[in-house]
Amino acid sequence: MSIKKQMQDHKNRNREKPSFANINLQGPCNYQCFFCLGNDINEGYCHNYLNIHFSKWKNFDKYLIKCKEDGIKKIYLTGQNTDPLLYKYLKELIDYLKIKGFLVGIRTNGVKALEKIDIINSLNDEVGLSIHSLTPEINKKITNHSTIPNWDKIIKSIKIPLRIAIVITRYNKDEILNIIKYFSKYKNINYIQLRCISTDERYSALKEDINCYKELTQYISKNYHYLKSFYTASIYNIYGIEVCLWKTIKTTINSYNYFTNGIISTNYFIVEGYKKHNEK
Ligand code: SF4
């Protein structure tokens with residue numbers, strides 16, 4: 001059986017009622033992570049909606065109405081192939097979603113976090129910072145950029161609930177426990193999420209990284225104290241902070257997805273849902 005088929009078969013399609021929604025912005029990114037889901041879609045940056053006001057996004061209000069009708073309260077601003085802090089009308093968008101009655105959070109690589117700290121602190125839900133390395137050479141291999149954002153200053157400046165997400169790769173696997181130890185000193189970080197690379201199209205190229213996740217999480221499960229589970233993901237205590245072993249294809253959590261070119265998907269799997277609706 002091909003690796004792709006094996007991975008498709010392992011996807012948990014037994015999902016719960018959607019509990020949150022994403023707005024997936026499209027445009028060029030200030031990072032070029034080798035595992036970026038945008039690479040699975042392979043449309044390059046042909047869609048750039050970063051300078052387009054959300055009142056002009058196709059189907060956007062239709063999406064918000066669907067979220068309301070289906071009882072979704074939380075909306076996360078994230079990127080299909082870009083970082084949401086690069087969106088020109090971000091503050092207006094957050095205000096608009098809040099007026100519509102949603103809790104609004106963001107997922108960001110943090111490069112622009114200090115510049116946009118007031119906007120971040122205007123959110124009324126969680127900020128998720130993606131931090132894959134504290135070592136310039138390793139960050140370069142993962143994101144194509146060696147500069148490490150000033151995480152100490154950023155984390156101290158954030159006044160809303162905060163979590164860190166780290167994608168496990170062949171490059172940072174030996175650094176993960178040190179990264180957890182480093183951030184365990186901050187009391188305003190709710191938890192750290194370790195993520196397995198997610199791909200629908202590049203299993204062979206990313207298999208080594210997926211295996212690194214498996215090895216590391218097996219090590220953690222044998223050596224650290226298990227606390228609880230969250231939508232099938234196990235949570236451990238490492239250096240006094242909660243560390244969640246998140247495996248996108250296994251979780252039972254569910255969400256809706258909007259893409260700024262007008263695609264609405266009720267599929268949790270971002271690439272799969274996008275492609276299905278894009279082909280229509
Ligand atoms: S920061 Fe996010 S959107 Fe940008 S390249 Fe990395 S994974 Fe892709």
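Note that the structure is a prediction, hence the values are computed from the model and not measured. Remember, it's 1-based here, ligands and their atoms both numbered in the order they're listed.
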Check salt bridge (Lys or Arg N to Asp or Glu O under 4.0 Å) between K159 and all other residues, then give those that pass, not counting sequence neighbours.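 Applying salt bridge (Lys or Arg N to Asp or Glu O under 4.0 Å) to K159 gives none.
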
With sequence neighbours left out, the residues meeting salt bridge (Lys or Arg N to Asp or Glu O under 4.0 Å) with K141 are none

Under the salt bridge (Lys or Arg N to Asp or Glu O under 4.0 Å) test against E208, which residue among K173, R170, R202, K214 passes? R170

Hey, is N30 touching ligand 1 through its side chain, its backbone, both or neither, going by heavy atoms under 4.0 Å? neither

Side chain, backbone, both or neither: which part of T82 has a heavy atom under 4.0 Å from ligand 1?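 For T82, the contact with ligand 1 is made by the backbone alone.
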
Keeping the roles fixed (side chain from Q26, backbone from Y49), state whether a donor-acceptor pair exists under 3.5 Å. no

Ligand-side contact atoms (ligand 1) for residue partner C29, heavy atom cut-off under 4.0 Å: 1 (S), 3 (S), 4 (Fe), 5 (S)

Under 4.0 Å from a heavy atom of N109: which atoms of ligand 1 are those, numbered in the order shown and with their elements? 1 (S)

Please state whether the separation between atom 6 (Fe) of ligand 1 and some N/O/S atom of C36 is under 2.8 Å?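 Under 2.8 Å: C36 has no N, O or S contact with atom 6 (Fe) of ligand 1.
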
Using 2.8 Å as the threshold, say whether any N, O or S atom from C33 sits that close to atom 4 (Fe) of ligand 1.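 No.
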
Should D83 be listed as contacting ligand 1, given a heavy-atom distance under 4.0 Å as the test? no

Ring-face cation of K185 near Y182 (centre distance under 6.0 Å, axis angle within 45°): yes

If you draw the axis of the six-membered ring of F102, does the NZ or CZ of K68 fall within 45° of it and under 6.0 Å from the ring centre?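 Output yes; distance and angle both within limits.
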
